[in-house]
Amino acid sequence: MLEIQSLDVFHGRLQVLWDLSLAVGDGECVTVLGPNGAGKSTLVESVMGLNRPARGSIRFEDEEITGLKPNDVAARGIAIVPEKRELFGRMTVAENLALGAYGHGGEVDARVYDLFPVLAERRDQLAGTMSGGEQQMLAIGRALAARPRLLILDEPSLGLSPLYVSTVLESIAALNREGLTVLLLEQNVRSALEYSDRGYVLENGRVVIEGPSAALLEDPRVQASYLGL
Ligand SMILES: Nc1ncnc2c1ncn2[C@@H]1O[C@H](COP(=O)(O)OP(=O)(O)OP(=O)(O)O)[C@@H](O)[C@H]1O
Ligand SMILES: [Mg+2]
């Protein structure tokens, strides 16, 4: 469904991604793991159309999307929950969700409220006054309101308490079981691998390990560097 090949991306003169290739199949949940500065957000920005790769290609459903503008990428069916959640803090929960559903006449899919009942309970609350975990659910809800075929989440567990981390990751796993394809970029390595099918480890902008998530959990390099074993 998503196929990234030999991507080189620069920020100014600094090369951040090096010959990066990865793929996400229809219906899969794939994790990209990597420490701070590895290039996870840069990769997300490349898919989103916020930076232009110097080399390589990004294909979605067999069509080239490299170089498209963010709105056009979204219109193809990719929704992204960025690392900085970018909610409209002075708008209500319901208004934020309606913006996500802009392409569907503002009509919010009832499944968003089924998945995160707190959003229904708080629909009239200003987004900026929600807790961090609630805001993350709203950010995911807003992405889902666009009814994407591929959902990309940049560190959804960042800054959340352990309780919210499992709530949010379990919701993502539930969406995936219902057929949504997911690409998850995470530092919360154990949880992310437990919830995904396959994973890639990104270090200094290069894929250094890849394989089924169960194999990565058993990989001594992953255990030593990311699982504290
Ligand atoms: N706009 C920018 N201008 C210059 N350098 C940047 C820019 N954005 C990112 N970088 C650099 O690119 C590298 C990769 O950053 P990136 O944010 O992609 O990493 P990350 O894996 O998402 O890290 P984190 O886990 O901390 O979010 C870092 O060295 C960062 O300093
Ligand atoms: Mg990041």
Side-chain angles (χ1 to χ4, degrees), residues 2 4-24 29-58 65-70 73-74 78-87 132-133 135-140 142-143 148 150-162 164-165 168-169 172 182-196 198-211 213 216-217 219 221-228:
L2 180 73
I4 297 177
Q5 264 174 5
S6 308
L7 212 60
D8 285 346
V9 176
F10 290 73
H11 282 301
R13 286 163 61 188
L14 175 73
Q15 185 162 1
V16 174
L17 299 181
W18 301 75
D19 194 25
L20 186 144
S21 298
L22 72 83
V24 184
C29 179
V30 171
T31 298
V32 175
L33 311 170
N36 291 122
K40 302 182 296 297
S41 297
T42 300
L43 174 61
V44 172
E45 287 157 11
S46 300
V47 176
M48 219 176 153
L50 287 177
N51 59 45
R52 209 191 162 87
R55 193 173 72 92
S57 88
I58 305 173
I65 60 164
T66 322
L68 289 186
K69 295 199 176 67
V73 173
I78 302 179
I80 291 171
V81 181
E83 189 174 294
K84 299 182 188 78
R85 293 170 193 132
E86 292 170 354
L87 296 168
Q135 291 193 25
Q136 187 59 279
M137 293 184 213
L138 177 55
I140 297 171
R142 191 177 59 180
L150 171 64
L151 178 66
I152 301 179
L153 304 113
D154 191 355
E155 298 206 49
S157 73
L158 193 69
L160 303 187
S161 68
Y164 273 126
V165 170
V168 164
L169 289 177
I172 294 165
V182 176
L183 177 60
L184 182 62
L185 297 98
E186 264 295 346
Q187 283 197 57
N188 207 321
V189 172
R190 183 179 298 279
S191 308
L193 288 177
E194 282 168 356
Y195 286 106
S196 60
R198 286 192 305 113
Y200 295 82
V201 179
L202 194 61
E203 282 176 5
N204 298 317
R206 299 174 199 266
V207 172
V208 292
I209 311 174
E210 62 179 279
S213 297
L216 293 187
L217 276 168
D219 188 306
R221 294 166 296 173
V222 174
Q223 292 186 339
S225 301
Y226 299 100
L227 297 171

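Every number for a ligand or one of its atoms is a count from 1 in the order of the listing.
Considering only residues two or more places apart in sequence or on other chains, Arg55 meets the salt bridge (Lys or Arg N to Asp or Glu O under 4.0 Å) condition with Asp8, Asp19.
In this structure, CD on Glu83 lies 12.0 Å from CG on Leu153, to the nearest 0.5 angstrom. With values rounded to the nearest 0.5 angstrom, Asn188 atom CG is found 10.5 Å from Thr31 atom OG1. Taken to the nearest 0.5 Å, the OH atom of Tyr226 stands 13.5 Å off from the CD atom of Glu186. For the atom pair CG (Leu50) and NZ (Lys69), the distance works out to 12.5 Å, reported to the nearest 0.5 Å. Atom CG of Leu17 is separated from atom CZ of Phe10 by 10.0 Å, given to the nearest 0.5 angstrom.
Side-chain atoms of Gln223 come within 3.5 Å of backbone N or O of Leu217 as a donor-acceptor pair.
Neighbours of the Mg ion (ligand 2) restricted to protein N, O or S atoms under 2.8 Å: the count is 2.
Using a 4.5 Å cut-off on side-chain heavy atoms (C-beta onward), Val207 and Leu202 make contact.
Listed by chain and number, residues touching ligand 1 at under 4.0 Å (heavy atoms only) are His11, Val16, Pro35, Asn36, Gly37, Ala38, Gly39, Lys40, Ser41, Thr42, Glu83, Glu155, Gln187.
Residue pairs meeting the salt bridge (Lys or Arg N to Asp or Glu O under 4.0 Å) criterion with at least one partner in residues 37-52, sequence neighbours excluded, are Lys40-Glu155.
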